[in-house]
Amino acid sequence: EVQLVFIATNALLKTLEEPADRTHFVLLTSRPRRLLDTVRSRTLAVRFAPLSDAIVNQLLEARGLATDVAPLAHGSAELAFELADPEAMRERDEFVSAARAALEAPDLAEAIALGQFRAEGRDGIREQLGFFAQALADDARGAITSDPPRAERAAHRHAVVLRTLAEIERNVQPALALEAMVARLRRA
């Protein structure tokens, strides 16, 4: 497998060094530092900035998709299209609703139920927690002028969710991290 990569890399380098007349290549990567130095030395880096929310919104509208996901896409049309998928929206809304229910429940049974939430592995749970954090940030922004204590509480909860995301990044078992998060959020 490594030998095939080496052969492919050498073939690419040969093509980059001696392209046919009027031939141009566009190499796309989100990790340019991981490219071989010899490849990077033969290319011209062009950075693309994230799209504005307004442009992402227009792209979603053109496809007849929900536009409320534009701010969640962080300037990526591809991510916006994925987020606007009805099934993904349903799963996201279910998770956020379950998390909110766990906060308001009379006991920690809802926290345990949330801990059993099955997303697509660790990445799925991180994604769902990201959406929950976004919902809490929206709560804080919406309450800042009308109810500052509520805004402060939402901001504190947002910080707790971000801390939970960091814990999962450090390889904490997701179910335990979710249960502990709900316990901390209920005290917030």
Side-chain angles (χ1 to χ4, degrees), residues 30-31 49-61 63 65-188:
S30 60
R31 297 182 180 117
L51 300 171
S52 70
D53 286 351
I55 291 174
V56 172
N57 201 359
Q58 289 175 350
L59 293 170
L60 289 166
E61 279 180 356
R63 290 193 178 191
L65 298 171
T67 59
D68 59 333
V69 299
L72 301 174
H74 305 289
S76 168
E78 180 182 8
L79 180 56
F81 297 147
E82 288 175 21
L83 294 172
D85 174 67
E87 180 66 20
M89 291 178 76
R90 184 190 59 74
E91 287 177 13
R92 182 171 58 248
D93 292 342
E94 281 179 7
F95 182 84
V96 171
S97 294
R100 290 185 189 276
L103 297 181
E104 304 303 324
D107 56 34
L108 288 177
E110 295 287 334
I112 294 169
L114 185 68
Q116 303 308 312
F117 181 82
R118 296 287 177 239
E120 293 293 321
R122 190 173 290 273
D123 289 337
I125 292 201
R126 280 194 302 255
E127 184 176 296
Q128 298 298 7
L129 281 173
F131 295 131
F132 184 45
Q134 181 70 38
L136 292 170
D138 289 345
D139 290 350
R141 281 190 292 274
I144 195 72
T145 57
S146 62
D147 190 355
R150 191 174 115 225
E152 185 177 347
R153 186 169 150 201
H156 178 70
R157 286 180 167 179
H158 178 265
V160 169
V161 174
L162 292 182
R163 188 168 78 205
T164 303
L165 276 165
E167 290 168 355
I168 291 174
E169 285 292 325
R170 288 190 308 270
N171 215 20
V172 170
Q173 210 266 344
L176 294 175
L178 290 174
E179 291 172 20
M181 177 193 75
V182 172
R184 288 189 301 253
L185 288 171
R186 289 168 60 93
R187 290 188 302 266

inquiry  = Working note: Val160 + Met181, criterion side chain to side chain contact (heavy atoms under 4.5 Å, CB included); need CA distance, chi angles, decisive distance, verdict.
reply    = CA-CA 7 Å; Val160 169; Met181 177 193 75; 4.1 Å; yes
inquiry  = Strictly distance-based, threshold 3.5 Å: is any side-chain N or O of Arg163 a donor or acceptor partner for the main-chain N or O of His158?
reply    = no
inquiry  = Please find the pair of heavy atoms, one from Ala177 and one from Thr164, that lie closest to each other, and give the distance.
reply    = O-CG2, 3.7 Å
request  = Hey, could you give me the CD/CG distance between Glu152 and Asp147, rounded to the nearest 0.5 Å?
outcome  = 10.5 Å
Over all atoms of both residues, closest heavy-atom pair of Ala80 and Leu60 = O-CD2, 3.7 Å
ask   = Which is it for Arg92 and Leu72 under the side chain to side chain contact (heavy atoms under 4.5 Å, CB included) test, yes or no, and what are the steps along the way?
value = CA-CA 12 Å; Arg92 182 171 58 248; Leu72 301 174; 4.3 Å; yes
key: Salt-bridge criterion met for Asp93 and Arg90 (N-O under 4.0 Å)   = no
request  = Mind checking the NE2-CZ spacing from His156 to Arg187? Nearest 0.5 Å is all I need.
outcome  = 8.5 Å
query = To the nearest 0.5 Å, how far apart are CD in Gln58 and CD1 in Ile55?
reply = 6.5 Å
message = Let me confirm one number: the CZ-CG distance from Arg157 to Leu162, rounded to the nearest 0.5 Å.
response = 14.5 Å
request  = For residues Leu79 and Ala73, report the shortest heavy-atom separation together with the two atoms involved.
outcome  = CD2-O, 3.6 Å
message = Taking CD in Glu82 as the centre, count heavy atoms belonging to other residues, nucleotides or ligands within less than 6.0 Å. Is the count above 12?
response = yes
key: CZ (Arg63) with more than 12 external heavy atoms under 6.0 Å   = no
key: Which atom of Leu129 lies closest to which atom of Val161, heavy atoms considered   = O-CG1, 3.5 Å
message = With rounding to the nearest 0.5 angstrom, report the CD to CG distance, Glu127 to Leu165.
response = 11.0 Å
key: Closest heavy-atom pair and its distance - Leu136, Ala154   = O-CB, 3.7 Å
Donor-acceptor contact present, side-chain Arg186 to main-chain Ala102, <3.5 Å = yes
ask   = Which distance, rounded to the nearest 0.5 Å, do you find between the CG of Asp138 and the CZ of Phe131?
value = 12.0 Å
inquiry  = Determine whether Arg100 and Asp139 satisfy the following criterion, salt bridge (Lys or Arg N to Asp or Glu O under 4.0 Å), listing intermediate values before the conclusion.
reply    = CA-CA 12 Å; Arg100 290 185 189 276; Asp139 290 350; 2.8 Å; yes
message = Would you say that more than 12 heavy atoms from the other residues, nucleotides or ligands in this model lie under 6.0 Å from the CD of Glu87, or not?
response = yes
task = Kindly determine whether Met89 and Asp68 satisfy side chain to side chain contact (heavy atoms under 4.5 Å, CB included), including the steps that lead there.
result = CA-CA 10 Å; Met89 291 178 76; Asp68 59 333; 3.9 Å; yes
inquiry  = If you compare all heavy atoms of Ala140 against all heavy atoms of Ala155, which two are closest, and at what distance to 0.1 Å?
reply    = CB-N, 4.0 Å
